[in-house]
Amino acid sequence: LSIKQLHTAIRTARTPEEFKAAAADIRQTTGTLMAQGVQAHQLTQLISHLNDVLTQQLVSVTAQTHGRDMSQACWLAFGSEGRSEQTVATDQDNGRIFVSEDPARDRGAWPAFANDVNEALDACGFPLCKGNVIARNPQCCLTAHEWRQRFSKWIDQGSPQDLLAASIYFDLRPVAGQLDLARDLQELIATKAQANPRF
């Protein structure tokens with residue numbers, strides 16, 4: 001398959017079988033490119049890009065099924081995915097930002113949607129994170145204000161556990177939905193962490 005054909009297959013996928021087939025095609029294509037001598041840096045960027053396209057389509061289709069408005073949410077990638085350094089054997093590290101004036105009331109509307117996305121990605125060959133850094137985890141489904149509070153605490157306190165969490169979550173990239181929701185978080189990490197000697 002050409003990269004253009006792969007894009008088309010991913011963008012038109014609707015069923016679990018079509019998503020699994022597209023994910024298998026990504027692995028096969030990147031394996032072929034690796035055998036042809038494509039360098040690791042270029043290959044991981046390509047894999048990450050194609051996996052982003054797959055995730056975007058999967059989030060979009062699942063949001064429609066659950067009646068979720070992704071203009072009021074953002075699907076986030078953390079860790080190697082957040083750095084665009086995915087390989088063919090990468091697990092999931094993801095989360096969500098959601099917009100709400102009453103987070104306690106609205107948070108419960110999102111887990112079923114997130115669970116279906118996480119399970120579908122797992123079926124496509126992206127294992128669930130053993131550390132539970134996945135969007136269906138309530139600790140990974142926060143408003144932008146809650147994320148900022150959490151990140152600021154990690155930077156200010158800097159306990160070993162905080163630093164471990166920061167090493168995963170601070171490699172942050174928006175993948176699907178309202179991407180602008182992540183911009184303030186990225187700026188917070190860049191400016192506040194830079195001013196702290198621990199980082």
Side-chain angles (χ1 to χ4, degrees), residues 48 51-56 58-60 62-63 66-86 90-122 126-199:
S48 295
N51 289 348
D52 279 359
V53 176
L54 181 78
T55 302
Q56 289 161 4
L58 189 51
V59 166
S60 176
T62 308
H66 284 267
R68 296 287 89 210
D69 181 5
M70 288 307 294
S71 71
Q72 299 297 302
C74 179
W75 189 269
L76 302 171
F78 304 118
S80 61
E81 186 180 1
R83 295 189 302 272
S84 296
E85 293 177 352
Q86 285 185 293
T90 302
D91 68 353
Q92 296 183 52
D93 288 311
N94 48 49
R96 286 167 295 131
I97 303 172
F98 69 100
V99 176
S100 173
E101 294 180 0
D102 187 349
R105 177 196 67 198
D106 297 334
R107 198 182 317 277
W110 291 97
F113 153 78
N115 181 68
D116 283 358
V117 176
N118 287 144
E119 291 292 342
L121 286 170
D122 183 49
F126 306 100
L128 299 171
C129 174
K130 292 179 181 177
N132 207 25
V133 182
I134 49 176
R136 71 183 184 189
N137 176 358
Q139 293 299 311
C140 295
C141 175
L142 305 173
T143 64
H145 176 69
E146 290 169 333
W147 279 113
R148 283 194 298 271
Q149 286 183 315
R150 192 179 191 194
F151 287 178
S152 293
K153 172 181 169 289
W154 290 345
I155 294 170
D156 292 338
Q157 294 186 3
S159 71
Q161 191 62 37
D162 294 334
L163 294 173
L164 177 62
S167 71
I168 299 169
Y169 285 88
F170 282 11
D171 288 324
L172 161 73
R173 193 164 53 83
V175 175
Q178 183 55 259
L179 306 185
D180 286 344
L181 290 174
R183 185 167 297 157
D184 286 348
L185 289 179
Q186 292 174 312
E187 290 177 2
L188 172 74
I189 293 166
T191 56
K192 195 174 178 70
Q194 186 177 27
N196 191 308
R198 294 186 196 90
F199 292 86

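Each residue takes its place number in the sequence, starting with 1. The model shown is predicted, which means the values in this text are computed figures rather than measured ones.
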Inset, instruction - Could you list all the side-chain hydrogen bond (donor to acceptor under 3.5 Å, both in side chains) pairs where at least one residue sits in residues 104-114, not counting sequence neighbours? - result: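 Of all non-adjacent pairs touching residues 104-114, those that pass side-chain hydrogen bond (donor to acceptor under 3.5 Å, both in side chains) are Ser100-Asp106, Arg107-Glu146.
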
How close do [X] and [Y] get, counting heavy atoms only, and between which atoms?
X	Y	answer
Trp75	Ala135	CH2-CB, 3.3 Å
Pro103	Thr143	CG-CG2, 3.7 Å
Phe78	Val133	CD1-CG1, 3.8 Å
Asp69	Ser71	OD1-OG, 2.7 Å
Glu81	Asp93	OE1-O, 3.7 Å
Asp91	Lys130	OD2-N, 4.5 Å

Once rounded to the nearest 0.5 Å, what's the spacing between atom [atom1] of [X] and atom [atom2] of [Y]?
X	Y	atom1	atom2	result
Asn196	Thr191	CG	OG1	11.5 Å
Tyr169	Arg150	OH	CZ	4.5 Å
Ile155	Gln194	CD1	CD	11.0 Å
Leu172	Leu185	CG	CG	6.0 Å
Asp156	Asp162	CG	CG	9.5 Å

Inset, instruction - Could you tell me whether the side chain of Leu76 reaches within less than 4.5 Å of the side chain of Trp147, counting heavy atoms only? - result: yes

Inset, instruction - For the residue pair Phe170 and Phe151, categorise the inter-ring angle as parallel (less than 30°), tilted (30 to 60°) or perpendicular (more than 60°). - result: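 Rings of Phe170 and Phe151: perpendicular, over 60°.
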
Is the backbone of [Y] close enough, under 3.5 Å, to the side chain of [X] for a donor and an acceptor to pair up by distance?
X	Y	result
Gln186	Arg173	no
Thr55	Asn51	yes
Asn137	Asn132	yes

Inset, instruction - Check step by step if side chain to side chain contact (heavy atoms under 4.5 Å, CB included) holds for Leu128 and Arg136. - result: CA-CA 10 Å; Leu128 299 171; Arg136 71 183 184 189; 3.4 Å; yes

Inset, instruction - Carefully, step by step, assess Gln72 and Leu181 under the rule side chain to side chain contact (heavy atoms under 4.5 Å, CB included). - result: CA-CA 9 Å; Gln72 299 297 302; Leu181 290 174; over 6 Å; no

Inset, instruction - Count the heavy atoms belonging to other residues, nucleotides or ligands that lie under 6.0 Å from CZ of Arg83, then report whether that count exceeds 12. - result: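 Correct, the count exceeds 12.
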
Inset, instruction - Before giving the answer on side chain to side chain contact (heavy atoms under 4.5 Å, CB included), spell out for Lys192 and Ser152 the whole-Å C-alpha distance, their side-chain angles and the decisive distance to 0.1 Å. - result: CA-CA 8 Å; Lys192 195 174 178 70; Ser152 293; 3.7 Å; yes

Legend entry - Side chains of Asn94 and Gln92, donor plus acceptor under 3.5 Å: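 Asn94 vs Gln92: donor-acceptor pair found between side chains.
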
Legend entry - Partner residues of Leu164 under the side chain to side chain contact (heavy atoms under 4.5 Å, CB included) criterion, sequence neighbours left out: Gln161, Ser167

Inset, instruction - Under the side chain to side chain contact (heavy atoms under 4.5 Å, CB included) rule, collect the residues that match up with Thr62, sequence neighbours excluded. - result: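 Thr62 satisfies side chain to side chain contact (heavy atoms under 4.5 Å, CB included) with Leu58, His66, Phe113, Asp116, Val117 only.
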
